[in-house]
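The first residue of the sequence shown is numbered 1, and numbering continues consecutively from there. Every value quoted in this text rests on a predicted model; they were computed, and no experiment measured them. Ligands are counted one by one from 1 in listed order, and the atoms in each one are counted from 1 as well.
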Amino acid sequence: MNGTQLLWTDAPHVFSAKQFSPEFLLDILFPLTRIISGMMQSDEGRRELSTWLRGRVLCTMFYEPSTRTRLSFELAALHLGMKVVSTENAAEFSSTKKGEVFRHTIEVISRYFPDVIVLRHKVEGTAAQAARISRVPIINGGDGPGQHPTQALLDLFCIFEKLGRIEGLTVALCGDLRYGRTIRSLAYLLSKFPDVKLILASPPELRLNDDLKAHLDERKVAWREVTNLQAALRDADVVYFTRTQAERLRWRERLRLRLRHLLGNNHFKIGLREVEQMQPNSILMHPLPIAGEVAHEVDYYPKAVYFDQAGYGMAIRMALLRLMLVGGAITPCERV
Ligand code: CP
């Protein structure tokens, strides 16, 4: 067992943001991400990086749509010299369509010797299920309303790069807190850092689930819930906005939100007027995609960092792949 493993519980798979310790993030993952970002700036650096995982194989299996997670993982792998096989619409174009159960798919794919599988699925808990079956490491690229741990890694890295610290920050999580998996994973990571305060700003129908609130209480994180965006904008160092996960809403929630919209009570939109109410040195983040909740005029406003945030995703995933596959934590892989 090496140092990486000691800091990284439940290795070798990545299925939850809970697995990562602040020490692993601040002392190992983020410095390596910074080194990789620097190397990507020169031909010489990119040549060197292309030898780091030469000949290894990444397999991506996406049962839900994705732009960033799949392509940044695949490009991360290619920049590291890996080979990539991909099924980007597995619900339609794999034998799932013919009735194959998920367990059988993982039993088989993991016997084809990919070095790592990145999985996105609409059902919560699927990545953990795959990890129990797979002979090779699984990375959760998003499991329904469950978790999106590598998104949380890049989110936290973005906060650290832009504000220089995590400790003591006030972070406003805004929008769909009920079904937003990036919110859940980020909240789990933030809860590991001292004196972080959370403002949970959402319409009443989309409040954060009680299990996560209980976790925040257990970790002694100061949090308050608001249904008014203004309080979040005024007090936060980081405003983290999310879209409503329309594809996961129950019909009653959908109806209530529609009614709220028709009555003009839809406060969860942000334009320049709202951005100007934010703290002077604060930042506006969003995991993307944006689906109307942030006005386009905000895109190039200095506080809006969501394109940089998404950009960090590739380097953080390169660092993660390197640590998983060469850090000694992974092969041969044990079942969990
Ligand atoms: N943030 C994120 O997960 O984006 P994609 O759905 O495009 O992968």
Side-chain angles (χ1 to χ4, degrees), residues 14-17 20 33 58-79 84 86-93 116-127 130 138-159 161-162 171 173-190 206 238-249 270 283-294 296 298-299 304-321:
V14 172
F15 46 85
S16 164
F20 298 100
T33 302
L58 175 95
C59 175
T60 58
M61 296 177 62
F62 276 57
Y63 291 78
E64 280 194 326
S66 168
T67 300
R68 279 146 291 275
T69 310
R70 186 174 67 81
L71 291 176
S72 66
F73 259 117
E74 293 186 3
L75 282 159
L78 292 170
H79 283 303
V84 173
S86 182
T87 167
E88 86 265 31
N89 187 356
E92 284 293 315
F93 297 127
V116 57
I117 297 172
V118 182
L119 176 70
R120 172 170 288 187
H121 203 283
K122 66 175 190 223
V123 178
E124 184 172 356
T126 311
I138 298 288
I139 300 177
N140 182 2
D143 61 334
Q147 286 231 17
H148 194 347
T150 64
Q151 177 71 40
L153 297 178
L154 75 92
D155 291 342
L156 206 71
F157 182 73
C158 179
I159 295 172
E161 290 300 279
K162 298 293 181 189
V171 179
L173 302 174
C174 308
D176 179 355
L177 309 188
R178 183 171 179 80
Y179 295 109
R181 58 194 172 201
T182 69
I183 292 280
R184 287 183 70 79
S185 287
L186 183 58
Y188 281 127
L189 273 196
L190 288 169
L206 300 176
V238 177
V239 174
Y240 187 100
F241 232 79
T242 57
R243 75 179 171 98
T244 301
Q245 306 271 308
E247 67 275 31
R248 306 194 204 286
L249 295 182
I270 189 162
I283 54 173
L284 173 65
M285 297 177 67
H286 195 300
L288 306 181
I290 287 169
E293 64 282 357
V294 182
H296 291 314
V298 174
D299 282 355
V305 300
Y306 34 81
F307 297 133
D308 284 351
Q309 178 188 353
Y312 294 137
M314 190 179 77
I316 208 112
R317 287 169 174 135
M318 288 171 81
L320 186 68
L321 288 170

Asker: Which residue supplies the protein heavy atom nearest to atom 4 (O) of ligand 1, what is that atom called, and how far is it?
Answerer: R68 NE, 3.0 Å
Asker: Which word best sums up how the rings of F157 and Y312 line up, parallel for under 30°, tilted for 30 to 60°, or perpendicular for over 60°?
Answerer: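 Taking Y312 first and then F157, their aromatic rings stand perpendicular (interplane angle over 60°).
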Asker: Got the closest protein heavy atom to atom 6 (O) of ligand 1, with its distance?
Answerer: R120 NH1, 2.9 Å
Asker: Going by the atom numbers of ligand 1, which of them fall below 4.0 Å from some non-hydrogen atom of T67?
Answerer: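 Result: 5 (P), 7 (O), 8 (O).
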Asker: So, using side-chain contact (heavy atoms from CB on, under 4.5 Å) as the criterion, who are the partners of P289 when residues are at least two apart?
Answerer: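 Scan of P289 (side-chain contact (heavy atoms from CB on, under 4.5 Å), adjacent residues dropped) gives R68, R243.
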Asker: Work out whether the distance between some heavy atom of E64 and some atom of ligand 1 is less than 4.0 Å.
Answerer: no
Asker: Got an N/O contact under 3.5 Å between S66 and ligand 1?
Answerer: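 The answer is yes, given that S66 and ligand 1 share an N or O pair closer than 3.5 Å.
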Asker: Applying side-chain contact (heavy atoms from CB on, under 4.5 Å), can you list everything that pairs with A76, at least two apart in sequence or on another chain?
Answerer: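 Listed in chain order: M314, R317, M318, L321.
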Asker: Pull out every atom of ligand 1 sitting under 4.0 Å from any heavy atom of L288, numbered as shown with elements.
Answerer: 1 (N), 2 (C), 4 (O)
Asker: Find all atoms of ligand 1 within a distance of less than 4.0 Å from any non-hydrogen atom belonging to Q151, and give their numbers and elements.
Answerer: 1 (N), 2 (C), 3 (O)
Asker: Is any side-chain heavy atom of I139 less than 4.5 Å from a side-chain heavy atom of F73?
Answerer: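 Yes - at least one pair of side-chain heavy atoms lies under 4.5 Å apart.
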Asker: Do H148 and T69 have side-chain heavy atoms sitting under 4.5 Å apart?
Answerer: yes
Asker: If you compare all heavy atoms of D299 against all heavy atoms of A304, which two are closest, and at what distance to 0.1 Å?
Answerer: O-CB, 3.8 Å
Asker: Judging by distance only, is a nitrogen or oxygen of P289 under 3.5 angstrom from one on ligand 1?
Answerer: no
